[in-house]
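Written below as structure tokens is the structure these notes are about.
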Amino acid sequence: MNGPAPVSPLGDWGWLESGIVSGEVLAPGSEVRTHIFYWVRADRDGLVTRRLLTFTTDHRLPVRRTVFELLNDLSSQSPSWPLLADAAESALTDEDPQVRRSTATLLVRTAELDRAVAALNASTDPIVRTALVDAMPWQKVPRHRTIVERLRSDPVPATRLLANVALLSGASPAAWPALDAAIRADLEATIGVLGAPGSRLSWTAGQRWAQALIGLDREEDCCAWAERLANPTEKSEVRHDGVRMAIAAMRAWRTAPGRLTPMLTSILNEPPSDVRSAALRALAASLTASRLAADDLAAMLDHPELGAVAATALGRVGDHRAVPHLARLMLSGSDDPGLVDALRAVARAGADPRAPVAAARQILAALPDSCAPDLPMWVLAAFGPAAAAAVPELIARLEGAENDTPDRAISVLGGIGPAAAPAAELLRQYPTPGAALALLKITSDRTAVERYLAGRPEELRRSRISSMLLTCLAEHGGLTDRQHRQLRSLFRTPGSGQLETAGALWLHEGPAVAAELLEVLREYLFDDYHASKALRVLTAMGAHARPILDRLDEFVASRHRAGFYVSDPDSEMRADETLVDAVIAARERIAG
């Protein structure tokens with residue numbers, strides 16, 4: 001185990017109680033949580049586990065809530081855990097609904113399934129019954145269809161709805177209408193019940209229904225139900241679920257934003273409400289929807305609460321109207337992760353750089369030289385040559401540099417290019433390959449780069465900086481025979497290094513290397529991280545890349561999202577939309 005030595009479970013237990021009372025045991029990466037997981041993995045039923053179980057009957061409600069949440073986290077790595085199952089079953093009668101939901105989930109995770117089913121049959125508590133049904137892996141339960149069919153007539157609406165959703169997931173098309181109608185009939189009664197604190201999932205009824213429809217590839221029905229639920233005649237929470245279904249549909253199917261954007265934009269014209277805010281965020285989640293709703297989003301830019309969401313959404317699609325608002329967000333200290341994406345997009349779209357660059361300069365000037373602020377550096381890097389006005393601030397960063405500031409400032413100066421010439425003498429004081437690369441981009445002087453590569457072996461392996469240097473040389477006058485051999489050695493090494501060197505190889509060898517490049521690049525075509533680089537090389541190859549057109553057409557023709565694993569569902573949706581746009585643009589250039 002990395003990090004500090006584990007606290008001994010022997011002797012003073014104050015560290016454990018303190019972590020539970022403070023809630024620190026639930027904080028990912030915290031020292032006390034790390035210690036607990038270490039000791040429990042070492043001895044599942046040992047001293048630490050048994051000490052944790054003493055807190056399941058603590059008179060303090062926050063302590064019981066915290067410890068059962070922690071036990072659920074621990075159980076995810078170790079199913080069939082009788083010691084925890086006993087504690088969970090004993091707590092099904094706890095006075096607190098949140099605790100009862102947590103313990104029901106814990107029981108299903110740690111007990112034999114027949115014991116969990118027996119607990120369901122024995123319980124008359126609506127909260128416990130619903131939580132048990134929600135947590136049950138029905139596909140693993142013998143004769144589960146009989147049990148779930150019986151639950152369709154349960155007196156608890158949330159239990160009925162979950163049973164109908166479970167049946168819908170495996171139902172034949174003939175059964176869909178009746179199951180849909182039954183789910184809709186109970187949906188309103190589940191508001192505030194499904195997804196309540198302590199539940200296995202935070203999903204509402206609409207989100208669970210949407211996932212079942214997505215699993216059956218029922219795009220038309222999912223969109224239609226989203227529109228029906230979001231109708232102004234419905235209650236607010238039902239409408240909110242309609243918006244949630246719309247987001248789920250857009251995440252699953254590429255054509256869904258086109259179908260659902262008109263419904264979502266119509267909500268923007270309503271008086272302020274939670275539903276209106278949710279509709280705006282739904283539009284902002286999708287690049288396609290944001291483009292279609294651009295004028296509606298622009299009308300929201302000055303809204304005191306929603307303007308930031310609208311500005312980020314417009315910025316992500318390169319709409320120049322967002323630029324002054326994005327600059328103000330920079331100066332306000334916004335920590336919205338989408339802000340960088342928005343500023344990069346407007347930079348690519350050729351927006352006026354003055355306001356964002358001025359904001360970046362102001363932030364840099366206001367911070368100590370030892371700081372390396374992320375946002376202004378990202379922004380200046382995005383605008384490249386258009387960020388030339390910031391050269392004095394970047395030089396100041398170099399002159400007072402500490403930590404990683406030199407590398408960041410050097411990289412941005414290199415991206416600015418010839419306009420960063422005032423920094424050239426200072427850059428020559430840095431004997432690093434990054435500084436050599438920046439000097440080449442700024443002055444076209446190959447000396448420092450060639451000196452670095454001359455000191456490297458002719459046979460290179462997995463050197464990203466060498467790939468970058470060789471590529472830049474290829475763009476600034478070409479490669480020597482030795483440099484070409486270095487490039488070839490990097491290209492022979494399987495992995496992303498092949499992609500890093502592909503562009504330089506095309507520049508140096510031309511059509512003679514086309515077949516080799518196609519064989520390699522096809523492996524990276526639909527990778528969310530590497531695809532853009534692969535597509536740039538293919539675009540440069542032009543007609544010589546035509547054998548790849550069928551793969552590009554196949555990708556664009558798919559109804560479904562590519563299924564990236566980026567960071568969150570909305571980021572994954574936007575990654576797919578971005579790649580589709582890039583593939584279409586590359587295809588047009590390749591096809592001529």
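Ion pairing between a basic and an acidic side chain is recognised when a charged N comes within 4.0 Å of a carboxylate O; D217 and R559 show such pairing. Ion pairing between a basic and an acidic side chain is recognised when a charged N comes within 4.0 Å of a carboxylate O; D134 and R129 show no such pairing. A salt bridge between R51 and E17 is absent, with no side-chain N of the basic residue lying under 4.0 Å from a carboxylate O of the acidic one. Ion pairing between E577 and R254 fails under the 4.0 Å rule for side-chain N and carboxylate O.
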So T130 and T159, side chain to side chain donor-acceptor pair (under 3.5 Å) or not? Walk me through it. CA-CA 5 Å; T130 299; T159 301; 3.2 Å; yes
Evaluate the criterion side chain to side chain contact (heavy atoms under 4.5 Å, CB included) for residue pair F555 and L525; output intermediate values, then yes/no. CA-CA 9 Å; F555 177 78; L525 277 178; over 6 Å; no
Could you walk me through whether D581 and T578 satisfy the side chain to side chain donor-acceptor pair (under 3.5 Å) test, starting with their C-alpha distance in whole Å, then the side-chain angles of each, then the deciding distance to 0.1 Å, before giving a yes or no? CA-CA 5 Å; D581 290 343; T578 298; 5.9 Å; no
Test side chain to side chain contact (heavy atoms under 4.5 Å, CB included) on L179 and R152; report intermediate values, then the result. CA-CA 10 Å; L179 289 168; R152 293 186 67 196; 3.7 Å; yes
Give the intermediate values and the outcome of side chain to side chain donor-acceptor pair (under 3.5 Å) for residues N72 and T105. CA-CA 8 Å; N72 265 304; T105 300; 5.2 Å; no
Using the rule given for side chain to side chain contact (heavy atoms under 4.5 Å, CB included), can you reason through E219 versus T255, listing the C-alpha separation, both sets of side-chain angles and the distance that settles it, and then say yes or no? CA-CA 9 Å; E219 179 181 1; T255 55; 2.4 Å; yes
Residue pair E95, R100: steps toward the salt bridge (charged side-chain N to carboxylate O under 4.0 Å, His left out) verdict: CA-CA 8 Å; E95 64 182 6; R100 299 204 299 278; over 6 Å; no
Where do D576 and H560 land on the side chain to side chain donor-acceptor pair (under 3.5 Å) test, with the steps shown first? CA-CA 9 Å; D576 176 76; H560 303 99; over 6 Å; no
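Annotation: E270, atom CD; neighbour count of heavy atoms from other residues, nucleotides and ligands within 6.0 Å is above 12. Atom CG of D553 has more than 12 heavy atoms from other residues, nucleotides or ligands within 6.0 Å. Atom CD of E112 sits in a sparse spot, with 12 or fewer heavy atoms from other residues, nucleotides or ligands closer than 6.0 Å. Counted within 6.0 Å of CD on Q139, heavy atoms from surrounding residues, nucleotides or ligands total more than 12; the atom is thus considered enclosed.
In this structure, OG in S199 is found 9.0 Å from CD in Q98, a value given to the nearest 0.5 Å. Here C223 contributes atom SG and R228 contributes atom CZ; the two are 12.0 Å apart, rounded to the nearest 0.5 Å. The CG atom of D302 sits 5.0 Å away from the NE2 atom of H325 when rounded to the nearest 0.5 Å. One finds the CH2 atom of W209 at 13.0 Å from the OG atom of S169 (value rounded to the nearest 0.5 Å).
A cation-pi arrangement is absent between R561 and W253 under the rule of less than 6.0 angstrom and at most 45 degrees off the ring axis. Taking the centre and axis of the six-membered ring of W378, the NZ or CZ atom of R344 falls inside the cone set by 45° and 6.0 Å. A cation-pi geometry, defined here as NZ or CZ lying under 6.0 Å from the six-membered ring centre and within 45° of its normal, does not hold between R50 and F55.
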